Structure formats: structure tokens, C-alpha cells
Amino acid sequence: MSGRERNLRSCLEEAVKLFKEKIGANEMPSVAVYAPGRVNLIGEHTDYNDGCVLPMAIDQVTVIVGRRSSSEICRVITCSEIPDNDISVPVPAPPTQDQRNDEKARIHLQTPKWSHYFLGVVALMNNDHSIPPFEAVINTSVPLGGGLSSSAALEVATCLFIEKLCNLKLPITEDQQQKKALLCRKAEHMYANAPCGIMDQFVSIMAKQNHALFIDCKDYSTDNIPLLLTENGLKILVTNCNVKHEVASGEYEMRMKRCKEAAAKMKKPSLRDAYQEDIEVIKDELSHPVSTGPTEYECAVHAVQEIKRTKDAAEALRKGDYRQFGELMNDSHKTLKELYQVSCAELDTLVDLAKQDKRVYGSRMTGAGFGGCTVTLLEEDALDDTKKRMKEGYRYHDDKGVELEPTFYVVSPCDGAGVIESLETYLSVD
């Protein structure tokens, strides 16, 4: 059984168990869907600069099981051990057309924060479809707050859940997949107040097994590029430093703003259209001191170099040059740390420890930063040694003085989101 199948089955079994205990009186749910998390191999903080990214979907998934409700209220329970993990609410009303058309519109829900991602998608879909009340259980194996896009996995799973619940027969086309991804992103902007790019939702929907997904964030075009790990004796190791971060805390938005301001000063639509030479021409203008974080110059240099690196990395994959791909990963971490300033001591330590073995091709932080995960490309026979070295060399404590330990995930490039057509049959097969 593959890592994906183990994760999916385990999540579904736990969700069904809770559904029967809390909702279904030992009845099976009628709808079951899943959506994966993702790891971004390279292309960090480029998506909102109209650049390109190169993520892959991972084994870890979010599942939703449920059914229509006989009452007028929706009940949603999450298996995660978090406060307020069982809520009862009406079907959320859709935003007004003015709110829908306003990119800066934010709608505050009087529910726990985790539910904003779920209910935001429901509200946006309710604009076009009469969604009935429902009962649902959510479960996930995607680490929360670890930079592996648990939020997008929840949004995409919600979209599929509502489609199936309402018996919508939507065509499986690239255009339809894009519309779903953009709706999920809008929910994250409008209801969770997290200004993300398009990468997370796109890859959770469109990923293909044994491929990385190259996404052009300017025109939304995609290309599944073979990522032949087994054939080349390679593994991808994701390591969670177990330091939490909040994307909506303001640091992310501040960097976005400085990137846009840098592009405007160069008279470019976005940093996608800029080159290093353009930046150097007005270096002084972009280098005015700031009270916190990187200058506009530092933001621009990272973004422009990272966009080029990502294109080069995609080409390296097409050629099967995994050594070059690893070097590009190393270079990516360097500018994320030194220029964009979104790394942290814990992530830097994990990257440095990983790279002490020549069998490790490359390592970098992945995700928004300020904690979360690293991603490492390495030879399969270096896996155990690398994990041991990283674990023994990681010496950090949380704010309560408790010693932190990194968590390791060996991940494979997996397919995107899907529906379990016969849940009972699926769970009964060994």
C-alpha cells in the first residue's frame, strides 16, 4: 500500500468512526472526498509576483465525510484536537455581488478560525447553487501550520464535498479546475483574511502522480513535469521544525506590498517582468531603510532570482538533472534567508544539518516561512543517516521551555483531489 493510500484510509476510518459516534447513529456517510497538502519544491514568494512555482501534491490529505441534514442547521466536526472543534451553524449566506467583485472585501464570521476556510468556500458556492444543510466530519494528516498547505487542502476538499452533496455534474476540464482553485483562493482571501497566491489550490486540484506541477502564476498555465524519484534512487524528505506560524499575521502582506512597490518604481506590471539589471538601475531608490523586514531592493532581488531559478529547475527536471535541481534548491534557501528574511534559526539549522552529506542534493525551507518545514532531495540510502543527523543536531525549545523535536515525512508526488464513490467498499478492501 502506498503512502497516499495509508494516509487516506487512516483519515477516512477515523472520520467515519467519529461520524457514526456523533452524527450518524452508526450509519455510513453518503459523501466522502479528499484533497492533498503540498510541498513547494522551489519558487517561494513568487506566485503573487506573477512568477512561477514548482510544487507537488503529497501523501498527506484532508478528508471530509458527511451527508445532507434533516434539520435546518449545518453541523461540522473536525477530528483535530483544537478548541471549538464541533460547530453548528446555518448554511452561510453568499457574499453580495459588490463584495464578490471587490478584491479587498473581507467578511468576518462569528465562528472558530479553522472553520472560516471551510465556510468561506460554502458561502461562495452558495452564490450559484442552493446548498442544503449538511452534517460533516473533517480529518487531516496534513500538519497544521507547517507550511504544507493544510488550508488549501481543506478548501479544495470542501469544494468537492459541496459538489458531490449537491449532485453537481461539472466537467473535469482544465478550465473547470482553474475555476475551483480560484474560488478556493477567494475564500481564503475573503473569509480567512490570508492573502495567498494561487499555487496551493492549483496543485491540490491538478497534481498528477510522479510529477511536479509547474504553474505560471501570470497566465495560470500548468505543466506536469515527470519527477522520477524511484527510478533515480531518490527520496524527498519534508521536515517540520514544529515552530508554528500565522500567514495572516502581517509579515506576508508586508512583503507582497514591497514587491508591488518595487515593480511600480521600475514601471513594470510585476516583478515577473523585471530583470536584475532593472533593479540595479534604481537600487538606491529601492534601498531606503525600513523599520522591519527586507527593503524593496531585497524583496525584488529575491523574487526576480527565484523566478529564474524556478524556470531553470523545471528544465533540470525535464532533463533528469537532479543534481542541478538540488543546487537550485540550495540557492533558493540562501536568498529566502538573507534577502527575503522569512527563514528562522530552526529552519536554517535543519537545512545546514541536511547538507552535511554529499548524498543530499539540496535542501531549503518551504512554505511562507517563519517556521514550518524544510524540503530535502536526497539519495535513498542517505535517508536514515540524514534523519538521525537532523534529529540529534536540532536543539531548540518552545516558549514554555519544552524541547522541540523535528517531525519527518518521506513524501511522494501524488495525484490531486478526488471523490470516494463507494466509501463502504473502499474501506472494506484490504
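Keep in mind that this is a model prediction, so the values were computed, not measured.
Looking at Asp278, Asp50, Asp219, Asp216 one by one, the single match for salt bridge (Lys or Arg N to Asp or Glu O under 4.0 Å) with Arg272 turns out to be Asp216.
Of the N and O atoms on the side chains of Ser150 and Tyr117, not one donor lies less than 3.5 Å from an acceptor on the other residue.
A salt bridge is defined here as a Lys NZ or Arg NE, NH1 or NH2 lying under 4.0 Å from an Asp or Glu carboxylate O, and Lys180 with Glu163 meets this definition. Using a 4.0 Å cut-off between charged nitrogen and carboxylate oxygen, Lys388 and Asp384 do not count as a salt-bridge pair. Salt bridge annotation for Glu315-Arg309: absent, with no cationic side-chain nitrogen under 4.0 angstrom from a carboxylate oxygen. Taking a cutoff of 4.0 Å between a charged side-chain nitrogen and a carboxylate oxygen, Glu403 and Lys391 do not qualify as a salt bridge. Comment: Asp385 engages Arg359 in a salt bridge, judged by a side-chain N to carboxylate O separation of less than 4.0 angstrom. For Glu5 and Arg9, the salt-bridge test fails: no basic side-chain N is under 4.0 Å from an acidic carboxylate O. Under 4.0 Å is where a charged nitrogen must lie from a carboxylate oxygen, and between Arg364 and Glu44 at least one such pair does. Using a 4.0 Å cut-off between charged side-chain N and carboxylate O, Lys208 and Asp415 make no salt bridge.
Ring centroid separation for the pair Phe370 and Tyr252 does not come in under the 6.0 Å cut-off.
The aromatic rings of Tyr340 and His302 sit tilted relative to each other, their planes meeting at an angle between 30° and 60°.
A heavy-atom distance below 4.5 Å is not found between the side chains of Ser270 and Lys218.
Here the closest heavy-atom approach between residue Tyr409 and residue Pro143 is recorded as OH-CG, 3.2 Å. Minimum heavy-atom separation, Leu353 to Gly393: CD1-C, 3.6 Å.
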